Colleague: 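Please find one structure pasted underneath; my questions will follow.
Since the model is a prediction, treat every value here as computed from it, not as a measurement. Lettering follows sequence order; numbering is per chain, from 1.
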Amino acid sequence: MIPKALSSETQQDSEPHLTVNPANPLQIVGTAFTPDPGGGVNAPIFISADGGNTWVLNSVVPSAAGSATHDITTGFSGTNKKLYGSILRAPSSNLEFLRTNDAASAVPMSVLASRPNADQPFAHATTVKSGTDAGKERLYIGNNDFAGPGGHTATIDQSLNAGISSPTFSTVRIEKRTTVGQDGPQIRPVSHQDGTVYAVFYRWRALTGSFPANTLIITSADVVVVRDDKWGTGGYTALTDPSDGLAGRRVVQGVSFPFMINGTAATGQQRLGGSISIAVDPNNSSLVYMAWCDKQPNSMLTLHVRRSKDRGVTWSAADLLTIDSATNAALAINKAGKIGLLFQQFRGLADNRRWVTRLRRSTDGVNWDDLILANVPAATPVKTFDPYIGDYDHLVAQGADFYGIFSANNTPDMANFPNGVKYQRVANFTSHKLFKTNGVTTVQPSIDPFFFKITES
Amino acid sequence: MPTKAGDRTQQARFVFKGTVVKLKSAAMPGVPITERTAVVRVDEIIHAPEALRDTVGQNITVQMGGRKTVKRGEQSVFYANGWLFGEGIAVQSIDHHAAAKMPLALAAAVGGDPVEKLAQQDAQVRFESADVVLSGRVKSISLPPEAAAGFKLAATAGETTISKPISEHDPLIQEAEIEVDAVHKGSHSAKTAKVRFPNSRDVKWYKAPKFRAGQEGIFMLHKGETKKAPQRAAAGMLAAAAVSTEVSDDTYTALHPADFQPAEQAGAVMNIIAAATSGSEPESK
């Protein structure tokens, strides 16, 4: 996705996210830890007006001079070109909710709300298509709000009419149980057009070790799914757990995983801290797929996929998929009910470790295909910061098609991209070298965001 | 529109002399063309970020700020920031003026490495905003008492509680004690000085200085950045890219990469110090 004008760049463009405009799928926005190439006070978004064939950086995210924003996700609502965003803003790291009427506009995104002391905002936007609220834009932002009382930090901030000039937001604490003092940073909301909203998060129950020493282990966590049947107005209490009657179905209990502050060579330079994702079938809000990661024997981190057919009440007793040494799970379901799972897997022997980015798809949740999008060196480039490839990547479905984004080593070698790749930046796939725009001066490999689209027949 | 020449030079990360090639036009696809956009050939760069270093001779798109206009064939100095980067480059100019009216200080800065020039400007800004600037050597590194207490964890499931939230963006504040050789700005009478810095290499903190025992150089120490940096950033001024509520306002911090200049690279900063001492503008090199 790095454009030609930035052929000389060697930034670590990790932690990518993607949104496709339902009103016009040719309009796509991607984000990553990419600082403003112009060194100014607004961080960029990647925009495409042609379905992802070409990309341009547009510096419109309020930030600080020369800095990437600290965390960022965006979402098209489907109303015209309106784009919403949620960030941790540089330099304060305040949680901020953003909006623009046009992602291609030069005007910086407007700040709709701002508050301190929260983490990893994850935006989901949609427009109500029918009923009394038809036309209203809904915005849901999952975040880990450290101001949540009593260690109830898993939070959804939502606006049920985000498109008005001064939208209001309500803060919903979706954790109802005791925690170790907080939940995990990953809170992922998703909605259905019938008003069903699901969210998934890790409830932290116990831990041991030292975070600064990079030895912290979450020794016991529950993977919790909550549900609201009225666009989030019901407090996300529609789904309870039979063991205690509290809101939030504990799909899996007592999982364990490392929560690292630094990635190491043993983890492909990637810091690990769990990974979760949830997707709802656009044709049937009772059908939900969920993925999570935990620590299993002989595996750096293991990815699991399970399914519910009854709105989260019961779940498949066993995994539909179990994938070792994997992270950055991202699920999506297309209009035909086909499930897509994007993830990144750490493979290979000690002297040739690789990050393999894969997309697996299934029409029934049982039989899955396997598409390798990238198979790249894990030890080069040496990381500049954590996270190396990102605490997440992303996959969405628009109509029948899947659109995704991931970050990886950008060495131009077709052997690294078995299903093909196209670069905008100057690259020679014979010599496997990157160049400045002059085509002469070589550029060192770095981490780039990669976009893909799968057109389903 | 900035009202002071110094402000616009600081707010504009890309200052260059350019000649207008075509009005109401753009040099790359995808740029919304208006009365305020023009194709400009970059003739000389005064200062620039790395991504714009090699634009001399290139036609780029400039969107004019304010109400001033330009004429085809006219050479102007543009004070700009990056806007669109695609097949080509588009920038937004916050101000411009005829090349012949370039301020003397700016004219003196023409030539040399434009990226180094911007770094020197950033160092100048950090010097001016610093409470104390001193040269010395890092004597020791330690964990502030409150930081050390923050991560003691019990292990019993169900009874485990943490004393502070755990986030991947934690700064991991450490404290460096500096043996002071000389004080170049501000007042500091003690033989040592303590400065807190984020030891984390998270995306939020990785650019901040990471001190180690034995390092020598020039330290530009600030107080109260948690309040000041967001205000400066909002005003388009250079500020630390991240601040921490873990550090009190009366503690020295080093949060911007320019806040520490290693002894072997301190020439430009010594120049700034010398100029500040003499009351003149620092020499551009």
Colleague: Ignoring hydrogens, what is the shortest heavy-atom contact between B:L52 and A:G38? Give both atom names and the distance.
Modeller: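 For B:L52 and A:G38, the tightest heavy-atom pair comes out as CD1-CA, 4.3 Å.
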Colleague: CD1/A:I218 to CD1/B:I166 distance, rounded to the nearest 0.5 angstrom?
Modeller: 6.0 Å
Colleague: If I measure from the heavy atoms of chain B, does A:K436 come under 4.5 Å with its side chain, its backbone, both, or neither?
Modeller: side chain
Colleague: Count the heavy-atom pairs under 4.5 Å between each of B:A233, B:A51, B:A242, B:S244 and chain A, then report the option with the highest count.
Modeller: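 Maximum pair count with chain A is reached by B:A242.
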Colleague: Output, in order, the C-alpha distance, side-chain angles, deciding distance and verdict of side-chain contact (heavy atoms from CB on, under 4.5 Å) for B:F85 and A:V56.
Modeller: CA-CA 5 Å; B:F85 294 82; A:V56 174; 5.7 Å; no
Colleague: To check you understand the geometry: which heavy-atom pair defines the closest contact between A:G181 and B:I162, and what is its length?
Modeller: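 Smallest interatomic distance, heavy atoms only, reads CA-CG1, 3.9 Å.
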Colleague: Looking at every non-hydrogen atom in both residues, tell me the closest pair between B:E168 and A:F211 and how far apart they are.
Modeller: CA-CZ, 4.0 Å
Colleague: Roughly how far apart are B:L172 CG and A:N262 CG, rounded to 0.5 Å?
Modeller: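 So the gap between those two atoms works out to 7.5 Å.
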Colleague: Checking side-chain contact (heavy atoms from CB on, under 4.5 Å) for the pair A:N438/B:D54: CA distance, chi angles, key distance, verdict?
Modeller: CA-CA 9 Å; A:N438 63 14; B:D54 298 323; over 6 Å; no
Colleague: Out of curiosity, A:R271 CZ to B:D202 CG, how far, rounded to the nearest 0.5 Å?
Modeller: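 Those atoms lie 4.5 Å apart.
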Colleague: Decide side-chain contact (heavy atoms from CB on, under 4.5 Å) for B:T245 and A:N117; before the verdict, give the C-alpha distance in whole Å, the side-chain angles of both, and the deciding distance to 0.1 Å.
Modeller: CA-CA 9 Å; B:T245 54; A:N117 212 16; over 6 Å; no
Colleague: Around B:K223, counting heavy atoms of other residues, nucleotides and ligands shown, do more than 12 lie under 6.0 Å from its NZ?
Modeller: yes
Colleague: Over all heavy atoms of both residues, which pair between A:A64 and B:A240 is shortest? Give the atoms and the distance, please.
Modeller: CB-O, 4.4 Å
Colleague: Can you list everything that forms a side chain to side chain donor-acceptor pair (under 3.5 Å) with B:E50? Sequence neighbours excluded, please.
Modeller: B:R53
Colleague: Nearest heavy-atom pair of A:A5 and B:G88: which atoms, and what distance?
Modeller: CB-O, 3.3 Å
Colleague: Examine whether an atom of A:D71 lies under 4.5 Å from a heavy atom of chain B, and if so say whether it belongs to the side chain, the backbone or both; otherwise answer neither.
Modeller: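 Looking at A:D71, just its side chain touches chain B.
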Colleague: At a 4.5 Å cut-off on heavy atoms, which part of A:V41 comes close to chain B: side chain, backbone, both, or neither?
Modeller: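 Side chain of A:V41 only, per the 4.5 Å heavy-atom cut-off to chain B.
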Colleague: Where does A:L88 contact chain B at under 4.5 Å (heavy atoms): side chain, backbone, both or neither?
Modeller: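 Side chain only.
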Colleague: Can you tell me how far CD of B:Q231 sits from OG of A:S92, rounded to the nearest 0.5 angstrom?
Modeller: 11.5 Å
Colleague: Is B:Y206 close to A:T384 at the side-chain level, that is, under 4.5 Å between some pair of heavy atoms?
Modeller: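 Yes - at least one pair of side-chain heavy atoms lies under 4.5 Å apart.
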Colleague: Between A:N58 and B:W83, does the side-chain contact (heavy atoms from CB on, under 4.5 Å) criterion hold? Intermediate values first, please.
Modeller: CA-CA 6 Å; A:N58 185 18; B:W83 171 26; 3.4 Å; yes
Colleague: What's the spacing between A:S67 OG and B:K207 NZ if we round to 0.5 Å?
Modeller: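 Answer for the OG-NZ pair, A:S67 versus B:K207, is 6.0 Å.
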Colleague: Do A:Q424 and B:E87 pair up side chain to side chain, a donor and an acceptor below 3.5 Å, judged on atom types alone?
Modeller: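 On atom types as modelled, these side chains do not qualify, holding no pair under 3.5 Å.
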Colleague: Can you tell me which of B:V203, B:N81, B:L238, B:L84 forms the most heavy-atom pairs within a distance under 4.5 Å of chain A?
Modeller: B:V203
Colleague: Who wins among A:A49, A:A65, A:A213, A:A106 for the most heavy-atom pairs under 4.5 Å with chain B?
Modeller: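 If we count pairs closer than 4.5 Å to chain B, A:A106 comes out on top.
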Colleague: Could you tell me which portion of B:Q92 (side chain, backbone, both or neither) has an atom closer than 4.5 angstrom to a non-hydrogen atom of chain A?
Modeller: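 Side chain only.
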Colleague: Is it the side chain or the backbone of A:P185 that comes within 4.5 Å of chain B heavy atoms, both, or neither?
Modeller: side chain
Colleague: Against chain B, label A:F259 side chain, backbone, both or neither, depending on which of its atoms sit under 4.5 Å from a heavy atom there.
Modeller: side chain
Colleague: Under a 4.0 Å N-O cut-off, is there an ion pair linking A:D36 with B:R13?
Modeller: no
Colleague: Can you establish whether the number of heavy atoms outside A:Q444 located under 6.0 Å from its atom CD is more than 12?
Modeller: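 Counting neighbours around CD of A:Q444, 12 or fewer heavy atoms of other residues, nucleotides or ligands fall under 6.0 Å, so no.
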Colleague: Tell me, please, which residues at least two apart from B:S167 pass side chain to side chain contact (heavy atoms under 4.5 Å, CB included).
Modeller: A:D119, A:F146, B:H169, B:D170
